[in-house]
Number of protein chains: 2
Amino acid sequence: MMDRYLLRYFLAVIDAGNFSRAAAQCNVSQPTLSVGIAKLERQAGQPLFHRTNRRVELTAAGARFATHARRIEAEFALAEHVVREAVPRTTLRLGVLVTIPAGWIETFVTRLGDTPGRLPIEIVEGRERDLIEQLSRGRIDVALTLVRAESDRFAAEPLFEEGYALALPASHPLAGRHTIAAGELADNVMIVRRQCELLSDTSRHFTARGVRPFFAARTLSDERAIGYVRSGLGVTVMPACFRDPGIVRPRLADFAFTRTIGLLYGAHVDRTALRGGATLTALADEVRAARRGG
Amino acid sequence: MMDRYLLRYFLAVIDAGNFSRAAAQCNVSQPTLSVGIAKLERQAGQPLFHRTNRRVELTAAGARFATHARRIEAEFALAEHVVREAVPRTTLRLGVLVTIPAGWIETFVTRLGDTPGRLPIEIVEGRERDLIEQLSRGRIDVALTLVRAESDRFAAEPLFEEGYALALPASHPLAGRHTIAAGELADNVMIVRRQCELLSDTSRHFTARGVRPFFAARTLSDERAIGYVRSGLGVTVMPACFRDPGIVRPRLADFAFTRTIGLLYGAHVDRTALRGGATLTALADEVRAARRGG
DNA sequence: GCATATCATAGGCCGTGTCTATGATGGACC
DNA sequence: GGTCCATCATAGACACGGCCTATGATATGC
């Protein structure tokens, strides 16, 4: 496995023009450097230098390799430098729970263009556990996701709390009702939102009440689920925040689950610095506004 | 000095999520990986992971470092790959002797745009010895420079031979003459072309004939030298190929030096492949045409 | 409170990168 | 043509350090 010190030998030979000077430059003896280059060539599978007496010249393979070797060394130097100095992040990596309406994020991103002091943004979608994992890996900086009382692993900023509700087509016989019991939906075809954080609870709720529906669709997208509902394919249960002209959202009786949506901050980020930039403030405002007005 | 294996440990921890799984992934024991990370952190000057029991999370420094670590690993993989496979060069790196008229190269580059099968080109200027060094280092592929009989280090393709001549302003008293002896220029102010491959020979030629002129300018650019001559600042000696409306080029008596201009091919390049592409053919044609017509 | 998971520490083994010493080869120079 | 000097390659010894097993410290979960 090609090691770094071999690259330094290699580059030194290129720069110095011969093995002896290269060895001196690397603070090793000439034989050491010689076996090093030999080892590198063995690993490369072919000679990297043409040894004529009096001087060495790169072979074609050596010339190709040199470009990458230099880049690697430069990147090492940069890495060693950057790990010490606190360079501010240039992009905000935002995780977004899949069960948050896509429209909110679209609006947020659209309006972000006008926000002064905004950061370039990078969005990563995922389920709750995906986002938590990405957050702990340092792959994202902030997650717009569920905030749970028991999750104290990350600094949390709750934005709103909401319940879950049925989603029926506007033409559904029960569309005018305010609250509907599970039993009343016994004959209804249903749609499974596979990404839902409450999937098993919902399933349990119905089976416990003797309702074992046929599932007309299993989807990972809430937008498609809404489309199916609107078209009359079936009904489903979704977070209350999802609204659409073609569907109604009556309560499901005795289904008291709620969720709190908010921001979770990765352990590696400077939270105040992120809030200082207007980006996250804009996101929080947008989410709250969408929740109220949606 | 941060070694490659430490980077692999580091990245494995990020990917695996904890030290034990990372160690397994690297085929080392957990303690080995543990001391490896500790070593890396000591070299980095600060912790890269937040160790809470149950899991590890990247620190801010760790997150910054991770980007570069991944890039380095990717580049290593690429280097190992590229050194084996013969990927054709995508650019032709051309060295050009500084004492070759800039206009030739400009015309060549301009016309190259129309040449089918051309390679993107990258030009490196330098004196003869600079180009030879770059060529042997594999930094350039071909050099348009002096071809000497005794230089058999590189494959050579001569294009033309020429002498050297005086350069006088068109208004100079001796401008009409075909040949001028050094002694006739005793009172003339001269211009030193510092980059000239024949500088010392020229100087010797004059001093040997008792001419010790005042030097009005020392320049590294032939175009500026011509400008000085044209403006009447002084006279100089240049390769015969330099022409300009404002100057005349009489011979310098008993100055029999000539030079052969041609292409030198780096040891690392596949010469036939390069000629196969139309780029070098175009260059050779252009140089010969400029020489004839110039 | 025991079982289980985590990462850290200690001490010894051994691979390998390093050294010095020497050889092989090919100009340069008289 | 023989000597000198430069080049890179090879051989054998040393020792640093990366690796192991064994054990400890600490927190979580049933």
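In what follows, chains are A, B, ... by sequence order, proteins preceding strands, each numbered from 1.
Within residues 24-34 of chain A, the residues having any heavy atom under 4.0 Å from DNA chain C are, by residue number, A:Asn27, A:Val28, A:Ser29, A:Pro31, A:Thr32. Of the residues in residues 12-19 of chain A, none has a non-hydrogen atom less than 4.0 angstrom from any atom of DNA chain C.
The existence of a salt bridge linking A:Glu80 and B:Arg64 is excluded, since no basic side-chain nitrogen approaches an acidic carboxylate oxygen closer than 4.0 Å. A salt bridge is absent between A:Arg139 and A:Asp130: the closest approach of a Lys/Arg side-chain nitrogen to an acidic carboxylate oxygen does not fall below 4.0 angstrom.
Atoms CG (B:Leu6) and P (D:dG18) sit 7 Å apart, rounded to a whole Å. Atom pair A:Gln43:CD and C:dT16:P shows a separation of 11 Å (rounding to whole Å applied). The interatomic distance linking A:Met2 (CE) with C:dT16 (P) rounds to 16 Å, in whole Å. As rounded to whole Å, 17 Å separates atom C1' of D:dA9 from atom CG of A:Leu40. Straight-line distance from the CD atom of A:Glu57 to the P atom of D:dT7: 15 Å, rounded to whole Å. Between the C1' atom of D:dG17 and the CZ atom of B:Arg42 lies a distance of 12 Å, rounded to the nearest Å.
Nucleic acid contact for A:Phe49: none, since no nucleic acid atom lies under 4.0 Å from a heavy atom of the residue.
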Can you give me every donor-acceptor pair (side chain of residues 16-24 of chain A, partner residue at least two apart or in another chain, under 3.5 Å) with its distance?
unit_1: A:Asn18; atom_1: OD1; unit_2: A:Ser20; atom_2: N; d: 3.0
unit_1: A:Asn18; atom_1: OD1; unit_2: A:Arg21; atom_2: N; d: 2.8
unit_1: A:Arg21; atom_1: NE; unit_2: A:Ala16; atom_2: O; d: 3.1
unit_1: A:Arg21; atom_1: NH2; unit_2: A:Ala16; atom_2: O; d: 2.7

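Between B:Met238 and B:Tyr164 the shortest side-chain heavy-atom distance does not fall below 4.5 Å.
Panel note: side chain A:Asp141, backbone A:Leu92; no donor-acceptor pair is recorded below 3.5 Å.
Contact between the side-chain N/O atoms of A:Lys39 and the OP1/OP2 oxygens of C:dT16 is not found at any separation under 4.0 Å. The phosphate of C:dC7 has neither OP1 nor OP2 within less than 4.0 Å of any side-chain N or O from B:Tyr9. The phosphate of C:dA8 has OP1 or OP2 within less than 4.0 Å of a side-chain N or O from B:Arg51. The phosphate of C:dA5 (OP1 or OP2) has no side-chain N or O of B:Ser20 nearer than 4.0 angstrom.
Each of D:dG18, C:dT6, C:dT18 was ranked by its minimum atom distance to the side chain of B:Tyr5; first place goes to D:dG18.
In the displayed structure, B:Arg127 atom CZ is contacted under 6.0 Å by at most 12 heavy atoms of other residues, nucleotides or ligands.
Using bins of under 30°, 30° to 60° and over 60° for the plane-to-plane angle, the ring pair A:Phe255/A:His205 lands in the perpendicular bin.
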Intermediate values then yes/no, side chain to side chain contact (heavy atoms under 4.5 Å, CB included), B:Phe76 and A:Arg71: CA-CA 9 Å; B:Phe76 260 111; A:Arg71 208 173 301 167; over 6 Å; no
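Checking each of A:Leu97, A:Leu264, A:Ile100 against A:Leu146 for a side-chain contact (heavy atoms from CB on, under 4.5 Å) leaves exactly one that passes, namely A:Leu97.
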